[in-house]
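Below: the structure, in structure tokens.
The sequence lines fix the lettering, A, B, ..., with proteins before strands; numbering per chain opens at 1. None of the values given here were measured: they were computed from a predicted structure. Computation of the quantities below employed the complete heavy-atom set of this structure, encompassing side-chain atoms and omitting hydrogens, waters and symmetry-equivalent molecules.
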There are 2 protein chains.
Amino acid sequence: MRIGQLAQLVGVETQTIRFYEQQGLLPPPDRQDNGYRVYTEKHGEGLAFIRRCRILGLSLAEIHELQSYQDDPHQPCTAVNALLDDHISHVRSQITALQALEKQLVSLRASCNDDREVEACGILAGISEGNMHQQ
Amino acid sequence: MRIGQLAQLVGVETQTIRFYEQQGLLPPPDRQDNGYRVYTEKHGEGLAFIRRCRILGLSLAEIHELQSYQDDPHQPCTAVNALLDDHISHVRSQITALQALEKQLVSLRASCNDDREVEACGILAGISEGNMHQQ
DNA sequence: TAAAACTATAAAGCTACTATAAGGTCAATA
DNA sequence: TATTGACCTTATAGTAGCTTTATAGTTTTA
Ligand SMILES: [Zn+2]
Ligand SMILES: [Zn+2]
Ligand SMILES: [Zn+2]
Ligand SMILES: [Zn+2]
């Protein structure tokens with residue numbers, strides 16, 4: 001299987017596959033005589049794993065960590081679970097921060113209607129005066 | 001006022017100030033004979049404005065846009081209000097996406113306890129098998 | 001006077017790709 | 001046979017918003 005086929009199979013661009021290889025997330029495949037990469041089914045599984053992790057918002061570093069656990073299958077999986085717990089709390093704190101931000105933005109938006117000049121814009125005034133609620 | 005004092009006043013690093021100048025967000029200040037930048041109060045206000053915008057999650061491009069409106073104070077402020085509306089909807093869609101992600105992560109987390117080997121980890125199995133709910 | 005603290009520029013690093021450039025390989029076609 | 005087109009290769013730069021590093025000159029302080 002060449003790189004283009006693998007890319008289409010998993011739904012990724014070819015450059016992304018080379019990038020993962022370069023980052024050490026995908027093992028370097030064999031090459032044909034002409035230098036073309038040749039992939040096996042295992043590479044497909046590895047790449048799909050990476051992509052599903054990315055969809056879950058895991059960083060490449062976190063994925064690398066998960067892969068290192070997979071290489072040691074008889075260890076307890078405590079670290080895997082902890083990694084996910086950490087990630088969940090990251091996501092939750094992002095949500096909290098964005099919700100606070102939304103509140104600020106909505107209240108700022110309420111300080112202006114559409115019938116003013118820039119000079120009198122309640123939004124610009126609100127930002128300039130710095131009367132923003134601290135989070 | 002030199003760059004270090006301005007930085008301390010606004011709570012920014014000196015490099016950040018130079019960066020904003022380079023990006024065209026802060027007007028280039030006068031220089032002393034030795035080349036040191038000399039800032040006025042206006043620069044302080046401008047920098048504080050940028051920082052408050054950043055706290056509100058506005059991009060440098062959005063800030064630049066706001067500044068261009070400020071340069072034309074007798075235009076109607078419709079564009080300012082629209083910019084904020086757009087930004088609010090960006091933030092809201094981020095929140096929605098993250099909440100969906102959190103759900104997925106929590107359900108994945110529930111598929112494992114702490115007393116397994118990596119081989120049998122419900123989380124790694126869940127990711128590998130790809131039985132993830134589509135968003 | 002010499003060290004500490006400050007300033008300057010330029011360039012690289014961070015994340016996770018994406019895009020571009022310049023070129024080699026291969027099968028099918030005119 | 002020449003050439004088109006689709007595919008592959010590497011290397012390099014761009015994205016956002018800084019932060020870090022390197023190297024060097026200046027001012028302040030001990
Ligand atoms: Zn994470
Ligand atoms: Zn307005
Ligand atoms: Zn925005
Ligand atoms: Zn587990």
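- Taking 4.5 Å as the limit, every side-chain heavy atom of B/Asn81 sits out of range of all side-chain heavy atoms of A/Arg116.
- Applying a 4.0 Å cut-off to non-hydrogen atoms, the residues of residues 27-47 of chain B that approach DNA chain D are B/Asn34, B/Tyr36, listed by residue number.
- Annotation for A/Gln32: atom CD counts as buried by contact number, over 12 foreign heavy atoms lying within 6.0 Å.
- The salt bridge (Lys or Arg N to Asp or Glu O under 4.0 Å) test applied to B/Glu62 returns no partner, not counting sequence neighbours.
- Annotation for B/Asp30: atom CG does not count as buried by contact number, only 12 or fewer foreign heavy atoms lying within 6.0 Å.
- Nearer to the 5' terminus of DNA chain D, by closest-nucleotide assignment, is the contact made by A/Gln22 (compared with the other of A/Gln22 and B/Tyr20).
- Helix-axis bend for the helix from C/dT1-D/dA30 to C/dA30-D/dT1: the local axis fitted to the five terminal pairs at one end deviates from that at the other end by 40°, rounded to 10°.
- In this structure, A/Leu9 is a member of the same hydrophobic cluster as A/Ile17, with clusters built from ILVMFWY side-chain heavy atoms closer than 4.5 Å.
- Note that the first and last nucleotides of DNA chain C, 5' to 3', having any atom under 4.0 angstrom from a heavy atom of chain A are C/dA16 to C/dC26.
- Cluster membership for A/Val38 and A/Leu47, using ILVMFWY side-chain heavy atoms within less than 4.5 angstrom, is not shared.
- No side-chain donor-acceptor contact under 3.5 Å links A/Gln75 to the backbone of A/Tyr69.
- Side-chain contact check for A/Cys53 versus B/Ile127: some heavy-atom pair is nearer than 4.5 Å.
- No more than 12 heavy atoms of other residues, nucleotides or ligands shown are found within 6.0 angstrom of CD on B/Gln8.
- Screening residues 15-28 of chain B for side-chain hydrogen bond (donor to acceptor under 3.5 Å, both in side chains), with sequence neighbours left out, gives B/Tyr20-B/Arg51, B/Glu21-B/Arg37.
- Comparing B/Ile3 and A/Glu13 by the nucleotide of DNA chain C whose heavy atom lies nearest to each, the residue mapping closer to the 5' end is B/Ile3.
- Electrostatic pairing of B/Arg109 and B/Asp114 counts as a salt bridge here, judged by a charged N lying under 4.0 Å from a carboxylate O.
- Counting heavy atoms from C-beta on, the side chains of B/Leu56 and A/Gln104 come closer than 4.5 Å.
- Contact annotation for A/Arg18: base contact, defined as any heavy-atom pair under 4.0 Å involving a base atom.
- Nucleotides of DNA chain D lying under 4.0 Å from heavy atoms of chain B occupy a range whose first and last members, 5' to 3', are D/dG17 to D/dT27.
- Under the 4.5 Å side-chain criterion, counting only non-hydrogen atoms from C-beta, A/Arg52 is not in contact with A/Leu58.
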